[in-house]
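Step one of this worksheet: look at the structure below.
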Number of protein chains: 2
Amino acid sequence: MDDIDLIRNFSRTYTHRLGLLSKSYLGSGLALSEARLLHDLDRAGPVKARELAQGLGLDEGQTSRILAGFARRGWIRRARDEADSRQRPLHLTEAGRAQLEVLRLASRTAIAEATAPLGAAGLAALARVLDQASDLLRPPQPPLLRGLLPGDAGQVIARHAALYARDEGYDQSFEALVAEILAAFLTRNDTTRERGWIAQSPGGRMLGSIFCMAEGPEAPQIARLRLFLIEPEARGTGLAQRMIEACLGFATAAGYRQMLLWTHESHQAAGRLYARNGFALVASSPARAFGREVIDQTWQRDLP
Amino acid sequence: MDDIDLIRNFSRTYTHRLGLLSKSYLGSGLALSEARLLHDLDRAGPVKARELAQGLGLDEGQTSRILAGFARRGWIRRARDEADSRQRPLHLTEAGRAQLEVLRLASRTAIAEATAPLGAAGLAALARVLDQASDLLRPPQPPLLRGLLPGDAGQVIARHAALYARDEGYDQSFEALVAEILAAFLTRNDTTRERGWIAQSPGGRMLGSIFCMAEGPEAPQIARLRLFLIEPEARGTGLAQRMIEACLGFATAAGYRQMLLWTHESHQAAGRLYARNGFALVASSPARAFGREVIDQTWQRDLP
DNA sequence: CTGCAATACTTGATTTTGTCAAGTATTGCA
DNA sequence: TGCAATACTTGACAAAATCAAGTATTGCAG
């Protein structure tokens, strides 16, 4: 079962269990197309009929008839455009908004009934998962950089372990190492000298992580960039650059004079990124780590 | 935005971006209902028309007409039931299966086109997320207990941290502690004396965890049950009992004579579970931990 | 400034699909 | 034996979608 079959499979399960996709609106006397149209009318400014039709993939003729019905029922006002009187910019009236609320309640009831067997916790889990799907389906928005919340460290560990196991064949000792690094970071809790960032999509999916950590009490002027990871689907979007800038900026402000980082030769895209940001390769040595032969690299740059 | 609004929101986004729910089948000349019906006909044994109609929420009359069309095109055979000649048990023919494959390819192409803007990694992420949703929507299947895979330890940490922060207000020192415990467990990698189990749904969602760990070299006969957590939506299903049995069974087989565990007074359901499984409360003391006042409990039982 | 293509929407004709109610044949059972 | 229930079909109709042609208006090339 590949990715596309999984999606097909979901579509079937979903329409089966939540048949409301096509019917729930009958309770309020509106057809699905009418409901979708009414929903799309709910904007700040005026809308053009053609835009609506194209946005929903509806026939223009059908759209025209449905809109006529809305106007008859007083749900929309059709103005006349001063500059171009072919257009009839549409506005939802108060009555239209009220109808939209009726619709919303009907659809909520239908969903609540259809998901009743899941229980409250199951519903919450479903909502969380579907919200992530919505987030993926939306046109990509610039990610947010934020500090760590409960559970983030665990997720950073999980994603490091899963991706490095898949792409590099690392064994579980790598997951142990990452867990140790993060456990120590959280325990020190030195918020003035150390910081972690999570990149997240507007919908809350974790897209990556980066950490600035102190090298240690014996080298107070040296910071280390660690646990820099970006999810595959967020690579090549300029996010990496933003994250590294946040990290360098913090390290500089915190008074460090130098930053180190450790990576592997095989991460070539990462290497180019470090080079572009003023890092230089200062050491390189073959090593056996996490069940694999790798070539360790140490990069370094001075901070302003 | 509550759970139900998130689901509503997903429905809209999904139908908008993957409008194929209603149309893609036109490429193959079949209406949505026809496609769904054909799909549901694909079973080992014979099917009754009424079952199909009810399963899909279709009108029986409509179903009858569509099935007549299928028979005309040679996609199904309508037998006559020996015992009850009112029924006409349905079988998909080879031609019917071929048509189903045509449909499958058309729908795959449509999904591939609609998801093209996501890229391969985005598609994989979407498929992973929607597969979890399918899993939640399916009637619950008995969970699986399995060993740890890469990323599991991280997820165990994340879920402990997130749930205890939400329900008990624990701060990040708790996440650090869990990460430390797991890092040490993975590093020891003592597979004969220690083991962790992940409970997962058939679709792969993590539903819980439990670990049997050695108390330490100074007490070789004592095992400790740790990191026992069950996701809210999987509570009250008997899963906890299965997990504790797996853990006790392993500890006994590994030669331990006694098992300890540590919990808090506020976890009353857990306390009852431990009592039912032969544990006795041996110590109880107020403590300040993870930013909260709690009452620590130690439970203990002998192993056979 | 004229005429023709393009735009924004409407209307009509037709097909497709869904719905409701009545119809046939058969079974089970009091 | 007869009557309700079951399994499916058919007819009549309504709703929705589709295709094509229609009106009014605008923009712009010549």
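Every heavy atom of this structure was used, including side-chain atoms; hydrogens, water molecules and symmetry mates were not. Naming: A, B, ... by sequence-line order, numbering from 1 per chain. Worth saying up front: this structure is predicted, and the values here are computed from it rather than measured.
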Tell me the interatomic distance from [X], atom [atom1], to [N], atom [atom2], rounded to whole angstroms.
X       : N      : atom1 : atom2 : answer
B:Glu60 : C:dT19 : CD    : P     : 13 Å
A:Leu37 : C:dC9  : CG    : P     : 12 Å
B:Arg72 : D:dT9  : CZ    : C1'   : 15 Å
B:Asp84 : C:dC29 : CG    : P     : 12 Å
A:Arg88 : D:dT26 : CZ    : C1'   : 17 Å
B:Gln87 : C:dG28 : CD    : C1'   : 13 Å
B:Glu51 : D:dT6  : CD    : P     : 14 Å
B:Leu52 : D:dC8  : CG    : P     : 9 Å

[N] OP1/OP2 closer than 4.0 Å to side-chain N/O of [X]:
X       : N      : answer
B:Lys48 : D:dA7  : yes
A:Arg78 : C:dT10 : yes
A:Gln62 : D:dA16 : no
B:Ser64 : D:dT10 : no
B:Arg50 : D:dA7  : yes

Nearest non-hydrogen partners of B:Leu273 and B:Ala240, listed with the distance: CD2-CB, 3.7 Å
Should B:Arg17 and B:Glu113 count as an ion pair when the cut-off is N to O under 4.0 Å?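 Answer for the salt bridge query: no.
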Nucleotide opposite D:dG22 in a Watson-Crick or G-U pair, distances under 3.5 Å: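 Base-paired to C:dC9.
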Is there a Watson-Crick or G-U wobble partner for D:dC28 with both distances under 3.5 Å, and which nucleotide is it? C:dG3
Distance-only donor-acceptor check, side chains A:Thr93 and A:Arg77, under 3.5 Å: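 Note: A:Thr93 and A:Arg77 side chains miss the donor-acceptor criterion.
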Identify which nucleotide among D:dT25, D:dT9, D:dA7 has an atom closest to any side-chain atom of A:Arg86, counting heavy atoms from C-beta outward. D:dT25
Quick one: does B:Asp152's side chain have a donor or acceptor within less than 3.5 Å of a partner on B:Leu149's backbone? yes
Given the rule in the side chain to side chain donor-acceptor pair (under 3.5 Å) test, do A:Asp135 and A:Gln141 qualify, once you have shown the distances and angles that lead to the verdict? CA-CA 9 Å; A:Asp135 188 43; A:Gln141 305 278 81; over 6 Å; no
Answer yes or no: side-chain N or O of B:Arg65 and base N or O of D:dG11 forming a donor-acceptor pair under 3.5 Å. yes
5'-most contact on DNA chain C (nearest-nucleotide basis), A:Ala49 vs B:Glu34, goes to A:Ala49
At 4.0 Å (heavy atoms only), tell me whether [X] reaches a base, stays on the sugar-phosphate, or touches nothing.
X       : value
B:Asp59 : base
B:Ala83 : sugar-phosphate
B:Ser33 : sugar-phosphate

Heavy-atom nearest nucleotide on DNA chain D taken for A:Ile66 and for A:Arg80; more 5' hit belongs to A:Ile66
Taking salt bridge (charged side-chain N to carboxylate O under 4.0 Å, His left out) as the criterion, tell me which of A:Arg108, A:Arg128, A:Arg104 meets it with B:Asp2. A:Arg108
